[in-house]
Amino acid sequence: PGTIADRSPTPPFLSPTARVSVGAMGDDIGHECGFAMLRLLKPPQYYLDKYGTHFFGLNRMYMMLEKSRHRGQDGCGVASVTLDVPPGSQYIHCEKSIAADSIKDLFGRVQLKAAEKAGKAPKIEGKNGVSVADPNWVREHVPFCGEAYVGHVRYGTDSENSIDKCHPVTRESNWMTRNLILAANFNITNNEDLFASLVQLGQHPRQLSDTVMLLEKVGHFVDKENNDLYVKYSATGQAPRTCFSLIAENINVARILRRASTDWDGGYCIAGVLGHGDCFVLRDPCGIRPAFYLANDEVVVVASEAPL
């Protein structure tokens, strides 16, 4: 798991995207919202031994959202996905805040809950013989100690500021590969047309909202990809549980995104995570919204801001 999909023509490595004038869309595109996505690539013991903390991923998300603070101070949110947990265990966690200092409020609450839960972990012998909480137990039982993260800071473009307006937004399912989490910096200019296309599909969208539109448009093709693969594998005699394991291994995220975004118009950079751990970033073909990425043997990171 861990697909990276990018529609940008030539995504430069850690190179900034200049502000662009976009003719029909009007003035220069400014700083409107910011996102950060993080995918850990090593087992939890690795980060504990090297960095001395069970909360390496959460701490990095905090740093990246702080760096994006100027992009939006109306609210923020963070979500995480923990891989390979047994049925009956919560593996998706999402928290949001619209407090005056939303980043401080959000991470203060999240870190307090995580630390309290981690305090109940069984102990093992760690580096240099010191007793530490079992990192595998922490990963499985403590909120926001998973492998995939997405966060967002919100710059409101309307008068309403509520938790519901904050990203990440989620589309939940009992099947891992149908769960979808999105956080985005975007300005879709043909939202009403896309809303109508959802209605034509037989959907009944709950709002005329560009956020709902994006979530349901991508979600529709996530469902279609799942359905198509399930039919393929079940036709060979595979049991349902085996079918969904095969779907998790073979789901084509790039195909989902190409189908979903065919008729989108505007500037967008959208980060997402599926429930089984595949991650993606989808950027408009003109590269209007900024994004920077870093990939090494420890992490894959994509964010609205680059480290300086």
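These values consider heavy atoms only, across backbone and side chains, with no hydrogens, waters or symmetry-generated copies.
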Given the options Asn187, Thr189, Asn190, Asp265 meets side chain to side chain donor-acceptor pair (under 3.5 Å) only with Thr189
Is there a path of hydrophobic side-chain contacts, each under 4.5 Å between heavy atoms of I, L, V, M, F, W or Y residues, that connects Tyr230 with Leu246?
yes
List the atom of Met61, the atom of Gly151, and the distance in Å for their closest heavy-atom pair.
CE-N, 3.2 Å
Single-linkage hydrophobic cluster Val138~Tyr46, side-chain heavy atoms < 4.5 angstrom
yes
Any idea which heavy atoms bring Ser131 and Lys123 closest together, and the distance?
OG-CB, 3.3 Å
Look only at the side chain of Arg283 and the backbone of Arg289, and say whether a donor-acceptor pair between them is shorter than 3.5 Å.
yes
Please report the closest heavy-atom contact between Ala291 and Cys269, naming both atoms and the distance.
CB-SG, 3.5 Å
Hydrophobic clustering (ILVMFWY, side-chain heavy atoms < 4.5 Å, transitive) - are Ile247 and Trp175 grouped together?
yes
So Val150 and Val78, do their side chains get closer than 4.5 Å, heavy atoms only?
no
Do side-chain atoms of Arg71 reach the backbone of Leu65 as a donor and acceptor pair under 3.5 angstrom?
no
Side chain His167, main chain Ala184, donor-acceptor under 3.5 Å
yes
Report the distance from atom CZ of Phe35 to atom NE2 of His152, rounding to the nearest 0.5 Å.
9.0 Å
The salt bridge (charged side-chain N to carboxylate O under 4.0 Å, His left out) partners of Glu172 (sequence neighbours excluded) come to none
Hydrophobic cluster membership, with links at side-chain heavy-atom distances under 4.5 Å among I/L/V/M/F/W/Y: are Val212 and Val218 in one?
no
Quick one: which of Arg39, Lys42, Arg139 gives a side chain to side chain donor-acceptor pair (under 3.5 Å) with Glu147?
Arg139
Between Tyr91 and Asn179, is the side-chain contact (heavy atoms from CB on, under 4.5 Å) condition met? List the steps.
CA-CA 11 Å; Tyr91 60 96; Asn179 280 284; 3.0 Å; yes
Checking Val231 now: which residues fulfil side-chain contact (heavy atoms from CB on, under 4.5 Å) with it, not counting sequence neighbours?
none
Any non-hydrogen side-chain atom of Leu194 less than 4.5 Å from a side-chain atom of Asp263?
yes
Pro135 side chain near Ile124 side chain, heavy-atom distance below 4.5 Å
yes
Assess whether side chain to side chain donor-acceptor pair (under 3.5 Å) is satisfied between Asp105 and Ser97, documenting all intermediate values.
CA-CA 7 Å; Asp105 174 69; Ser97 174; 2.6 Å; yes
Exercise: identify the closest heavy-atom pair between Asn136 and Pro44:
OD1-CG, 3.4 Å
Once side-chain contact (heavy atoms from CB on, under 4.5 Å) is applied, do any residues pair with Leu198, and if so which ones, sequence neighbours excluded?
Leu201, Gln203, Pro205, Met213, Glu216, Lys217
Rounded to the nearest 0.5 Å, what's the gap from CG on Asp74 to NZ on Lys165? Could you check?
11.5 Å
For Lys50, the salt bridge (charged side-chain N to carboxylate O under 4.0 Å, His left out) test, sequence neighbours excluded, returns Glu298
Can you name the residues that form a salt bridge (charged side-chain N to carboxylate O under 4.0 Å, His left out) with Lys113, not counting sequence neighbours?
Glu95
Got a sec, which residues hit side-chain contact (heavy atoms from CB on, under 4.5 Å) with Gln111, two or more places apart in sequence or on another chain?
Leu58, Asn59, Phe107
Consider only side-chain heavy atoms of I, L, V, M, F, W and Y, link residues closer than 4.5 Å, and tell whether Leu48 and Leu38 are in one cluster.
no
Between atom CG of Asp278 and atom OG1 of Thr177, what is the distance when rounded to the nearest 0.5 Å?
9.5 Å
Is the number of heavy atoms from other residues, nucleotides or ligands under 6.0 Å of Lys232 NZ greater than 12?
no
Scan for ring-ring contact (aromatic ring centres under 6.0 Å, His included) pairs involving residues 130-149, sequence neighbours excluded, and state none if there are none.
His93-Phe144, Trp137-His141
Would you mind writing out the side-chain donor-acceptor pairs for residues 236-244 within the sub-3.5 Å range, not counting sequence neighbours?
residue, atom, partner, partner atom, Å
Thr236, OG1, Tyr233, O, 2.6

How long is the span from the CG atom in Asn185 to the OH atom in Tyr155, to the nearest 0.5 Å?
12.0 Å
For Leu229 and Ile251, the nearest pair of non-hydrogen atoms, with its separation, is CD1-CA, 3.8 Å
Do Thr211 and Leu215 come close enough that some side-chain heavy atom pair is under 4.5 Å?
no
Give me the other members of the hydrophobic cluster that Ile163 sits in, counting Ile, Leu, Val, Met, Phe, Trp and Tyr linked by side-chain heavy atoms under 4.5 Å, directly or via other members.
Ile98
Please determine whether the number of non-hydrogen atoms from other residues, nucleotides or ligands lying under 6.0 Å from atom CG of Asn174 exceeds 12.
no
Pair listing, salt bridge (charged side-chain N to carboxylate O under 4.0 Å, His left out) test, anchored in residues 179-191, at least two apart
none
Would you please name every residue forming a side-chain contact (heavy atoms from CB on, under 4.5 Å) with Asp223, sequence neighbours left out?
Arg171, Arg178
Any non-hydrogen side-chain atom of Leu182 less than 4.5 Å from a side-chain atom of Phe280?
yes
side-chain contact (heavy atoms from CB on, under 4.5 Å) between Met64 and Val302, intermediate numbers included:
CA-CA 10 Å; Met64 287 191 287; Val302 187; over 6 Å; no
Ile270 side, atom CD1; Leu257 side, atom CG - distance, nearest 0.5 Å
8.5 Å
Examine Arg60 relative to Tyr51 and say whether NZ or CZ is less than 6.0 Å from the centre of the six-membered ring and inside a 45° cone about the ring axis.
yes
Could you go through the side-chain contact (heavy atoms from CB on, under 4.5 Å) check for Trp264 and Asp193 one step at a time?
CA-CA 9 Å; Trp264 295 0; Asp193 294 337; over 6 Å; no
What's the separation between atom CG in Asn252 and atom CZ in Arg258, rounded to the nearest 0.5 Å?
6.0 Å
Scanning both residues in full, the closest heavy-atom pair of Val81 with Ile92 reads CG2-CG1, 4.1 Å
Asn296 and Val299: side-chain contact (heavy atoms from CB on, under 4.5 Å), yes or no, with the steps?
CA-CA 6 Å; Asn296 58 31; Val299 296; 3.6 Å; yes
Is any side-chain heavy atom of Arg69 closer than 4.5 Å to one of Ile103?
yes
Applying salt bridge (charged side-chain N to carboxylate O under 4.0 Å, His left out), name anything that partners Lys224, two or more places apart in sequence or on another chain.
Asp228
